[in-house]
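Before any comments, here is the structure.
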There are 2 protein chains.
Amino acid sequence: MSPRRSAIAAKATRQAVIEETVSRASLAGLESVSIGGLADGLGMSKAGVIGPFGSKEALQLAALERAIEIFLGEVWEPAADAAPGLDRLRAVTDAWLDYLGRDVLPGGCFLTQAACEFDGRPGRVKEAVERALTRWQWLLEAEAQTAVSAGELPRVDPGQVAFELGAIAQGVNQARQLRGDELAVQRGRRAVLRALYLD
Amino acid sequence: MSPRRSAIAAKATRQAVIEETVSRASLAGLESVSIGGLADGLGMSKAGVIGPFGSKEALQLAALERAIEIFLGEVWEPAADAAPGLDRLRAVTDAWLDYLGRDVLPGGCFLTQAACEFDGRPGRVKEAVERALTRWQWLLEAEAQTAVSAGELPRVDPGQVAFELGAIAQGVNQARQLRGDELAVQRGRRAVLRALYLD
DNA sequence: CCTACCGATCGGTAGG
DNA sequence: CCTACCGATCGGTAGG
């Protein structure tokens with residue numbers, strides 16, 4: 001008589017599987033997260049883990065969606081209220097470097113990891129990663145365009161600014177994750193100042 | 001009575017396995033290259049593939065070593081004869097961006113791929129990747145230091161210059177491999193000019 | 001460098 | 001969401 005409770009429980013289970021997948025994937029990559037490993041870690045059966053998704057690819061897509069949500073929550077939302085243009089670009093890059101420095105996920109930025117892992121594999125996951133990073137690039141580009149139009153940046157190609165900011169984030173992530181480089185965020189901040197013509 | 005011929009043949013086999021591994025790993029990652037897959041691709045048995053190495057980890061280390069050799073041959077050697085300092089830094093970055101634009105390996109830069117893949121996994125492969133990239137960073141840093149001392153660069157932190165150049169290379173590699181962005185090398189060249197204070 | 005084989009694990013499903 | 005199971009593939013080895 002109460003389908004509610006089980007529907008809520010099912011949703012909570014699904015969410016727990018997704019969170020565990022996102023966390024593990026940031027360390028070892030989405031492809032290396034096995035259904036059996038998740039089942040062990042969550043104290044569930046393999047069927048219980050994969051059932052709500054139907055296939056590993058569907059779970060990967062759900063995990064990617066969640067990772068994008070986390071990224072936007074950490075990097076975009078704190079900056080969304082700033083004035084469009086250079087102010088917001090500074091707010092976004094501040095939040096971005098904070099995010100990279102805090103190790104929100106144990107293995108660093110999920111999206112960078114996923115981009116690396118899937119760039120050479122065809123399929124729906126690769127397409128979804130590509131879409132997410134392309135949209136993020138567009139967002140940065142639009143912000144840079146606004147800044148140029150307002151005279152807050154020199155008359156540069158906004159795509160160039162967006163490219164440089166993305167590159168800096170990758171550089172920071174690699175230096176931190178691979179070498180445990182504690183200076184990386186600091187160097188990232190300096191590089192951002194140059195990319196935004198603020199030094 | 002002729003151990004030579006078989007020793008030479010054994011070496012050639014070993015080399016063929018390594019080349020195939022490097023090529024496949026640039027696309028899908030070192031961990032995803034399976035011994036069975038290599039055996040199929042090379043028309044050999046699994047035992048024939050893994051025998052010369054003893055373990056998958058040993059094969060991965062050999063492939064990494066070969067990838068470093070390729071990278072240095074493509075990026076450092078063409079620049080090695082330039083005058084130390086800014087000239088050589090320009091020669092290196094020119095060769096580096098050429099290398100990224102030519103898709104020397106089918107999946108782009110092996111070292112960037114390996115750094116991403118292993119940064120969250122402990123072990124000898126991770127340590128070897130870390131060592132290789134740290135040494136490369138040192139080399140760039142030393143070159144930048146020479147340029148600063150010669151007054152060819154402003155009095156900046158040479159480590160900052162090396163960081164920015166590495167970040168640019170990662171940005172170019174991701175844009176090309178994930179999005180097939182044909183503008184990436186061009187944007188990389190512009191970013192290098194800024195990183196070297198040449199614009 | 002081959003055939004033949006090992007135990008472990010993979011993603012996924014049937015049936016409850 | 002569980003148990004019990006499927007065929008395929010994993011890294012690796014014995015023996016030649």
Side-chain angles (χ1 to χ4, degrees), chain A residues 1-22 24-25 27-64 117-118 121-126, chain B residues 1-22 24-25 27-64 117-118 121-126:
Chain A
M1 289 311 254
S2 169
R4 282 263 205 99
R5 206 214 172 300
S6 64
I8 289 173
K11 181 127 191 175
T13 298
R14 202 186 132 94
Q15 206 54 38
V17 173
I18 291 174
E19 294 296 336
E20 185 72 15
T21 302
V22 169
R24 288 175 180 238
L27 278 166
L30 257 179
E31 206 68 39
S32 303
V33 178
S34 76
I35 297 162
L38 287 169
D40 279 358
L42 291 164
M44 294 170 60
S45 67
K46 288 202 302 168
V49 166
I50 200 61
F53 304 95
S55 73
K56 190 178 180 184
E57 189 186 50
L59 168 57
Q60 290 177 329
L61 289 167
L64 174 60
E117 186 177 4
F118 287 94
R121 308 173 185 246
R124 295 175 59 189
V125 180
K126 190 249 178 182
Chain B
M1 290 314 250
S2 168
R4 283 263 205 100
R5 205 214 171 299
S6 63
I8 291 172
K11 181 129 192 175
T13 297
R14 203 185 132 94
Q15 207 54 39
V17 172
I18 291 174
E19 295 294 337
E20 185 73 14
T21 302
V22 169
R24 287 175 179 235
L27 278 167
L30 257 179
E31 205 69 39
S32 303
V33 178
S34 75
I35 297 163
L38 287 169
D40 279 359
L42 291 163
M44 293 170 61
S45 67
K46 289 202 301 169
V49 166
I50 202 60
F53 304 94
S55 73
K56 191 178 180 182
E57 189 186 51
L59 167 57
Q60 289 177 330
L61 289 167
L64 174 59
E117 187 177 5
F118 287 93
R121 310 172 184 247
R124 296 175 59 189
V125 179
K126 190 248 179 183

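Residue numbering restarts at 1 for every chain, and letters A, B, ... go by the order of the sequence lines.
- Using a 4.5 Å heavy-atom threshold, the side chains of A:V33 and A:L59 count as separate.
- Side chain of A:R121 to main chain of A:K126: no donor-acceptor pair is present (N/O by atom type, distance under 3.5 Å, no hydrogens or angles).
- Distances were taken from every side-chain heavy atom of A:A47 (C-beta onward) to each of D:dT3, C:dC1, C:dG11; the shortest belongs to D:dT3.
- Across all strands shown, D:dG16 pairs with C:dC1; the Watson-Crick or G-U wobble distances both stay below 3.5 Å.
- Rounded to an integer number of Å, the gap from CG of A:L38 to C1' of D:dC1 is 15 Å.
- Rounding to the nearest 0.5 angstrom, the gap separating the CD1 atom in B:I35 from the OG1 atom in B:T21 is 9.5 Å.
- Across D:dT13, C:dG12, D:dC10, the shortest atom-to-atom separation from the side chain of B:S34 is found for D:dC10.
- Across all strands shown, the partner of D:dA8 is C:dT9, judged by Watson-Crick or G-U wobble contacts whose two distances both fall under 3.5 Å.
- One atom, CD1 of B:I35, and another, P of D:dT9, lie 15 Å apart when rounded to the nearest Å.
- Protein atom CG of B:L30 is 15 Å distant from nucleotide atom C1' of D:dG11, rounded to whole Å.
- We find that CG of A:L42 is positioned 11 Å from P of D:dC1, with the value rounded to whole Å.
- Residue A:I50 contributes atom CD1, which lies 6 Å from atom P of C:dG12 at whole-angstrom precision.
- Rounded to an integer number of Å, the gap from B:M44 CE to C:dC1 P is 6 Å.
- Under a 3.5 Å cut-off, the side chain of A:E117 and the backbone N or O of A:E31 do form a donor-acceptor pair.
- Using a 4.0 Å heavy-atom cutoff across all strands shown, B:S45 reaches at least one base atom of the nucleic acid.
- With a 4.5 Å cut-off on side-chain heavy atoms, B:Q60 and B:F53 do not count as touching.
- Protein atom CD of A:E31 is 15 Å distant from nucleotide atom P of D:dT9, rounded to whole Å.
- Where A:G54 and A:G37 meet DNA chain C, the nucleotide closest to each residue was compared, and A:G37 sits on the side nearer the 5' end.
- Rounded to whole Å, the distance from NZ on A:K56 to P on C:dT9 is 15 Å.
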